[in-house]
2 protein chains.
Amino acid sequence: MAGETGAQDDAAARPVLSRAQVIRTAIWLVDAEGAGALSMRRLGAEIGVEAMALYRYVDGREDLLDAMVDLVSAPVEDAAGKDVGESGGWRAYLWRLGQQIRWMATDHPHIFPLVATRHPAAPWLRPPLRNLDMVEEFLRTLLQCGFSAGQAALVYRTFTSFLLGHLMLTAAELTKATGPAGELPGASSRTLSEFPTIVQMSDLLSEPGRDAEEFDDDLEALLDRIGALVGEPTD
Amino acid sequence: MAGETGAQDDAAARPVLSRAQVIRTAIWLVDAEGAGALSMRRLGAEIGVEAMALYRYVDGREDLLDAMVDLVSAPVEDAAGKDVGESGGWRAYLWRLGQQIRWMATDHPHIFPLVATRHPAAPWLRPPLRNLDMVEEFLRTLLQCGFSAGQAALVYRTFTSFLLGHLMLTAAELTKATGPAGELPGASSRTLSEFPTIVQMSDLLSEPGRDAEEFDDDLEALLDRIGALVGEPTD
DNA sequence: ACCTGAACACCGTTCAAGT
DNA sequence: ACCTGAACACCGTTCAAGT
């Protein structure tokens with residue numbers, strides 16, 4: 001029993017906290033109550049500890065936010081780069097990567113704006129691709145599949161821009177207060193009858209739950225355009 | 001002299017502030033020092049007044065942020081809807097609108113994330129189109145130009161998603177700390193030689209100042225795709 | 001009518017002190 | 001080694017009080 005990785009009744013206090021627990025709790029808190037609910041003091045209280053104890057595991061608030069983004073992005077890194085060669089080449093790779101990042105956005109709609117807006121550490125990192133490993137793999141995969149360097153860079157920019165545009169709107173949709181649907185902005189002087197075209201098209205604009213299919217359609221169209229770039233037959 | 005819009009030596013104190021001045025100063029402050037610099041107390045100090053005085057002109061911090069977004073978006077509304085018919089139809093309209101919103105992002109890169117992430121007042125508002133007037137005009141223009149309602153709704157979603165993706169990345173680029181370019185994230189254990197593909201392509205990924213042209217190219221390609229939707233010859 | 005002082009309930013962060 | 005109390009410099013917001 002004695003001589004394990006740590007003696008259990010040592011005079012030194014074993015931590016009641018861990019960095020992983022702090023970060024997981026922060027993510028859970030923001031998922032549940034929104035970004036506004038996250039403060040060091042509130043987070044400490046949630047864990048059952050004073051706020052100052054967190055500073056042993058996290059290098060201040062900014063480091064905490066970065067770590068949350070990293071942890072939320074972790075499944076993307078894990079799942080994206082599996083066996084590119086046999087299972088469909090760049091097309092399957094980009095499809096899977098896109099889906100994975102979409103799941104991140106829908107699983108954590110309150111955190112996705114952080115993924116999009118926090119300053120990336122390196123100059124070539126374009127959100128929502130947040131670290132060098134992901135980008136290295138992304139570019140290497142495209143080069144392997146026969147894209148030129150210039151084409152790969154173009155695909156990188158196009159793909160990130162596509163994901164960001166789609167998923168910011170998806171996340172915003174998911175964090176809307178689920179209040180009564182037919183409300184007006186200021187509830188003030190202006191009335192809906194001033195906007196006849198919007199009223200007339202309101203059913204087309206609300207699109208309940210159509211978001212996932214639209215993402216799939218648009219991603220497929222994007223892959224078609226990329227395929228045309230390298231001279232791949234569309235069908 | 002007497003009997004003007006207001007007596008000049010009245011016992012009632014004339015305001016030293018105005019709502020417009022408060023909002024303009026807030027925008028100026030965020031442009032200059034970033035969103036983190038904006039607080040009611042700091043803003044008051046910048047104007048030369050105690051923070052509490054601001055509450056007479058602004059209904060709290062949230063209202064201030066909304067008003068900043070509105071003011072920054074104002075040039076877009078003014079310039080977008082001019083004489084659609086004679087000057088090129090929907091294509092010229094969407095081109096001008098896209099450019100106008102891009103200027104908003106490049107003029108106020110620290111404020112654009114606010115435009116993108118603040119909860120829109122109405123359910124059909126998709127950032128960066130932030131108010132019902134803009135959307136009403138957008139849809140009416142497309143219908144006038146022969147788009148079906150379904151097509152107009154599709155174009156609305158596609159266009160907003162395109163702008164958001166492009167301009168979030170443009171704004172992020174412009175708010176980067178202009179530090180030394182070849183830096184590593186944590187400056188820690190990992191070295192750039194672990195990312196050979198990125199190193200090899202670094203010149204292609206940095207693209208200095210190419211952003212505007214790429215936006216123009218991509219917007220044009222988007223308009224081509226929209227044109228194909230309504231059966232317009234591409235060239 | 002318009003601004004201010006004082007107050008309340010919060011922040012992030014540091015650091016000496018406790019165990 | 002790990003957590004806490006006290007402290008500092010900030011927040012947003014309210015409200016009675018001054019002019």
Side-chain angles (χ1 to χ4, degrees), chain A residues 2-27 29-30 32-69 110 114 118-119, chain B residues 2-27 29-30 32-69 110 114 118-119:
Chain A
E4 297 267 0
T5 44
Q8 297 202 345
D9 299 286
D10 209 341
R14 226 162 329 290
V16 339
L17 256 47
S18 74
R19 180 173 169 93
Q21 186 198 2
V22 169
I23 294 160
R24 280 197 311 261
T25 309
I27 290 171
L29 180 58
V30 171
E33 302 188 25
L38 181 66
S39 74
M40 301 301 276
R41 294 171 128 107
R42 172 72 195 279
L43 178 55
E46 213 64 51
I47 299 177
V49 96
E50 299 299 320
M52 313 85 189
L54 303 175
Y55 285 82
R56 201 158 277 276
Y57 302 94
V58 145
D59 193 14
R61 186 175 214 271
E62 295 300 298
D63 179 51
L64 172 63
L65 293 173
D66 282 337
M68 292 169 65
V69 169
H110 281 113
L114 249 52
R118 288 195 68 71
H119 281 291
Chain B
E4 297 268 359
T5 46
Q8 296 201 345
D9 298 288
D10 209 340
R14 225 161 331 292
V16 339
L17 256 47
S18 75
R19 180 172 169 95
Q21 186 199 1
V22 169
I23 295 161
R24 279 197 312 260
T25 308
I27 291 171
L29 179 59
V30 172
E33 302 188 25
L38 182 66
S39 75
M40 300 301 277
R41 294 170 128 106
R42 173 73 196 279
L43 178 56
E46 214 64 51
I47 300 177
V49 99
E50 299 298 321
M52 313 84 188
L54 303 175
Y55 285 81
R56 201 158 276 277
Y57 301 94
V58 145
D59 194 12
R61 184 173 214 274
E62 296 300 298
D63 179 50
L64 172 63
L65 292 173
D66 282 337
M68 291 168 66
V69 169
H110 281 114
L114 248 52
R118 289 195 68 71
H119 282 291

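So you know, we letter chains A, B, ... as the sequences are listed, proteins then strands, and number each from 1.
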Looking at [X] and [Y], what are the two nearest heavy atoms and their distance?
X	Y	answer
A26(A)	L64(A)	CB-CD1, 4.0 Å
Q21(A)	L17(A)	OE1-CA, 3.6 Å
L38(A)	V30(A)	CB-CG2, 3.9 Å
P15(A)	Y57(A)	CB-OH, 3.2 Å

Counting only heavy atoms not in D59(A), do more than 12 sit closer than 6.0 Å to its CG atom?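 No - once you tally the heavy atoms of other residues, nucleotides and ligands closer than 6.0 Å, there are 12 at most.
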Who pairs with dT13(D) - Watson-Crick or G-U, where each distance is under 3.5 Å: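 Across all strands, the one nucleotide that pairs with dT13(D) is dA7(C).
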If we call it a pair only when both distances are under 3.5 Å in a Watson-Crick or G-U wobble match, what pairs with dA1(D)?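 Partner of dA1(D): dT19(C).
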Can you tell me how far [atom2] of [N] sits from [atom1] of [X], to the nearest Å?
X	N	atom1	atom2	value
I47(A)	dC3(D)	CD1	C1'	13 Å
Q21(A)	dC2(D)	CD	P	14 Å
R56(A)	dA17(C)	CZ	P	16 Å

What verdict does the side chain to side chain contact (heavy atoms under 4.5 Å, CB included) test give for E33(B) and R42(B), after you've listed the backbone C-alpha separation in whole Å, the side-chain angles of each residue and the deciding distance to 0.1 Å? CA-CA 12 Å; E33(B) 302 188 25; R42(B) 173 73 196 279; 2.8 Å; yes
For nucleotides 4-14 of chain D, 5' to 3', base contacts (B), sugar-phosphate-only contacts (S) and non-contacts (-) with protein non-hydrogen atoms under 4.0 Å give BBBB---BBBB
